[in-house]
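Take a look at the structure set out below.
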Amino acid sequence: VQLQASGGGLVQPGGSLRLSCAASGSIFKIDAMGWYRRAPGKQRDLVATIINGIPTNYADSVKGRFTISVDAAKNTVYLQMNTVKPEDTAVYYCNALLRTYSEPARRDYYWGQGTLVTVSS
């Protein structure tokens with residue numbers, strides 16, 4: 001199983017960016033997906049999570065600006081980032097809680113490689 005994140009880059013304050021993360025491999029079922037971020041010099045923090053297509057949690061700092069969504073047919077989770085701020089600068093990681101065909105009763109977390117978002121003028 002692999003998670004491939006993309007969409008990061010340089011964006012000006014107040015701008016928008018959309019991150020994508022596609023899960024591939026022998027996936028039986030994805031139970032939840034999420035986005036986390038690690039700002040320079042800080043720990044990795046939760047940004048947003050989605051379970052069965054329903055957003056379940058947003059960090060207070062991104063509420064009203066970021067939207068998490070999922071395309072279940074593509075095993076892909078998105079993060080629409082609007083009105084970005086310099087403090088949103090971070091490496092963004094996606095993760096998935098999923099089951100594989102080899103062990104459908106077992107759930108494990110998988111992580112993507114991270115994509116850098118830089119908010120700067």
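Keep in mind that what you see is a predicted model, and the values were worked out from it rather than measured. By convention here, the first residue in the shown sequence is residue 1.
- T83 approaches R65 most closely through the heavy-atom pair O-NH1, 2.9 Å.
- Note on I68: it does not cluster hydrophobically with I51, by side-chain heavy-atom contacts below 4.5 Å among ILVMFWY residues.
- Looking at S120 and T118, their side chains never bring a donor and an acceptor atom within 3.5 Å of each other.
- Between S69 atom OG and I54 atom CD1 the span is 13.5 Å, to the nearest 0.5 Å.
- Comment: R99 engages D31 in a salt bridge, judged by a side-chain N to carboxylate O separation of less than 4.0 angstrom.
- Using bins of under 30°, 30° to 60° and over 60° for the plane-to-plane angle, the ring pair Y101/F28 lands in the perpendicular bin.
- Neither Y93 nor I50 shares a network with the other; the hydrophobic side chains, linked directly or stepwise wherever heavy atoms of I, L, V, M, F, W or Y lie under 4.5 Å apart, form separate groups for each.
- Between the CG atom in D45 and the OG atom in S61 there is a gap of 8.0 Å [rounded to 0.5 Å].
- With rounding to the nearest 0.5 Å, the separation of CG in L98 from CG in D108 is 7.5 Å.
- A distance of 6.0 Å or more separates the ring centres of F66 and W35.
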**Request:** Using the side chain to side chain donor-acceptor pair (under 3.5 Å) rule, take T56 and T49 through it: C-alpha gap first, then chi angles, then the decisive distance, then the call.
**Result:** CA-CA 6 Å; T56 53; T49 56; 2.7 Å; yes
**Request:** Start with the C-alpha distance between N95 and Y110, add both sets of side-chain angles, then the distance that settles side chain to side chain contact (heavy atoms under 4.5 Å, CB included), and finish with yes or no.
**Result:** CA-CA 5 Å; N95 85 339; Y110 292 82; over 6 Å; no
**Request:** Check step by step if side chain to side chain contact (heavy atoms under 4.5 Å, CB included) holds for Q4 and S24.
**Result:** CA-CA 8 Å; Q4 182 68 44; S24 61; over 6 Å; no
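- Between Y92 and R44, the closest side-chain pair of non-hydrogen atoms is not below 4.5 Å.
- Looking at I30 and N75, their side chains come closer than 4.5 Å, going by heavy atoms from C-beta outward.
- Looking at every heavy atom in both residues, A90 comes nearest to L116 through O-CD1, 3.6 Å.
- Taken from OH in Y58 to CG in L46, the straight-line distance is 11.0 Å, to the nearest 0.5 Å.
- Summarising the local packing, NZ of K74 is surrounded by 12 or fewer heavy atoms from other residues, nucleotides or ligands at distances under 6.0 Å.
- Inspection of the D71 and T76 side chains reveals no N or O donor paired with an N or O acceptor under 3.5 Å.
- Of all heavy-atom pairs between A23 and M33, the closest is CB-CE, 4.5 Å.
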**Request:** Carefully, step by step, assess T115 and R37 under the rule side chain to side chain donor-acceptor pair (under 3.5 Å).
**Result:** CA-CA 9 Å; T115 185; R37 67 185 181 186; over 6 Å; no
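- The minimum heavy-atom distance linking N82 with S16 is given by the pair OD1-OG, 3.0 Å.
- The environment of CD in E87 is crowded: more than 12 heavy-atom neighbours from other residues, nucleotides or ligands sit within 6.0 Å.
- Connection of V117 to V77 is established within a shared hydrophobic cluster, with ILVMFWY side chains joined at heavy-atom distances below 4.5 Å, either directly or through further cluster members.
- For the pair D88 and K85, the salt-bridge criterion is not met [side-chain N within less than 4.0 Å of a carboxylate O].
- T67 OG1 to M81 CE: the interatomic distance, rounded to the nearest 0.5 Å, is 11.0 Å.
- By the criterion of side-chain heavy atoms lying less than 4.5 angstrom apart, applied directly or through intervening Ile, Leu, Val, Met, Phe, Trp or Tyr residues, L97 is not grouped with V47; the two fall into different hydrophobic clusters.
- Residue Y36 is grouped with residue V91 when hydrophobic side chains (ILVMFWY) are merged at heavy-atom distances under 4.5 angstrom, including chains of intermediate members.
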